[in-house]
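Scroll down for the structure; my scribbles are underneath it.
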Amino acid sequence: LTFPREAAILTESRPLRELIRISEVSLRPTDPGRLRGGSLDLPRTGSTSEAGGLEVAGWALLEESGAGRAEFLAGGTLRGVAPLEVRRLDVYRHFGSDPDAEFCGFQGWIAAGAADGKVEVDIVRDDGLRIPFAVISLESGPPPGTPPDRSRPGGIILMYHRIANITSDPWSLAVDPAHFAEQMDCLRKEFVVVPLARVREETANGSLARGAVAVTFDDGYADNLSLARPILERFEIPATVFVTTGALGASGELWWDELDRILLQPGRLPETLDLPIGGERFEALLGPAVSYGAEEARRHRPWRFGRRPPGPRQIVYGRLWDRLFSLDSLGRRRAMDSLRHWAGAGEQARPSHRTLRPDEALQLEVAGLIELGAHTVSHPALSRLPADAQRIEIEASASALEKILHRRPRSFAYPFGDFDEGTPNLLREAGFREAVTTAGTGIEPAADPLLLPRIQVCDWEGDEFAGRLTARLAESSRSSG
Ligand SMILES: [Zn+2]
């Protein structure tokens, strides 16, 4: 395979997308009787965006009723809405007595360009009261005297999990197949797509092309073979798939999916939950959410972990997730057994949520295009394990893959992006050449090949995907300057 469009982003004279400069971000004076506090974290004065849009994020704590939304208007037209529902522990710590302070953050993406001049941010209370909140002034072109440095490396590694259309997705793991095809089409046309191994090599010798993008998948869902592979092949996009080897051929689901199946899918559950989980008693009352209808579940579909839970089912899901996350794999298996028993649920995976079988894992590899890497055996948070147990998780997942592929895997992804200072060394000892985190930034020139950051891709349409990627690349070329 060749990569004919390589370097196109660097050498073609046509500007990729309009360059926007954020000339001023100012908060409007507000009546303290309406708003207890608020701030815009993004964008920042003096920053630039090469995208056809802006990421806008901040928080607003309303007086009295905590419910509301942020509206983004450009040229008097509504361009985006973001509810006040994102968890903001920083604000909560400050306004600790106010329960609304925990979920008062907002974040959104708006398509806007320099020609729009200004983006106005209003906070709108659920009863309709509109509070002018902030103004973001846009100009075209880079800030005077500081052109973006195109000689510097700057690349990003994308993190996907699943290509699927599912009914609830608290962790934003699924990208709709049609959106994934748009995203891959955009990668092919506008970016320099490289295999992960090349990111490592070229970062090490300083030759990584600006605009280089590598694609990765975590966990080993069966849809990586049935839905992702054909699209990757169609657009000739190289990718690395990190497989949780303990889940290969498993009849059940990964534990976070099982939690979703038990709590977030329509059906009846007992009224009270009172189980020992990880040696501690876990109690919850489902109240009116004992029976959960299809219509209600459909309305709750956009809910994401870290956002204000719309009902008791989501509250219990969140509390259980926190508790299960901190258990070891045996404790978690026991807890899942008792939860399943409590719910009267079976163990069989939903076809939409099953993981790869070993023969499918082998089939997923495509020489020169799709490569498998390791993701431990049981998907633990490695920093919570002693070094010996970490070594076993790492080594056993490498040898399980070696049995299937007849070669040692050379790349690794840290489950939950979690590790301690000894983990990279254990990977080196096990023969891994590169490893990826979930750090959410672009690649710095001197990046450690065993700690390469990644950016999670959500279910974005092609245009939003392109906008967010170019914005990230602009950021990473600035920060490396
Ligand atoms: Zn994972």
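Indexing begins at 1, ligand by ligand and atom by atom, following the structure's order.
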Could you go through the side chain to side chain contact (heavy atoms under 4.5 Å, CB included) check for V199 and E434 one step at a time? CA-CA 9 Å; V199 171; E434 59 260 345; over 6 Å; no
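The stretch residues 358-395 participates, sequence neighbours left out, in these ring-ring contact (aromatic ring centres under 6.0 Å, His included) pairs: W256-H379, H375-H379, H379-F416. Residue pairs satisfying the ring-ring contact (aromatic ring centres under 6.0 Å, His included) criterion with at least one member in residues 436-455, sequence neighbours excluded, are absent. For residues 262-282, there are no ring-ring contact (aromatic ring centres under 6.0 Å, His included) pairs, not counting sequence neighbours.
Q183 and C458 get closest at one heavy-atom pair: NE2-O, 3.3 Å.
Using cut-offs of 30° and 60° on the angle between ring planes, the pair Y160 and F180 is perpendicular.
Around the Zn ion (ligand 1), the protein contributes the following N, O or S atoms at distances under 2.8 Å: D219 OD1, H375 NE2, H379 NE2.
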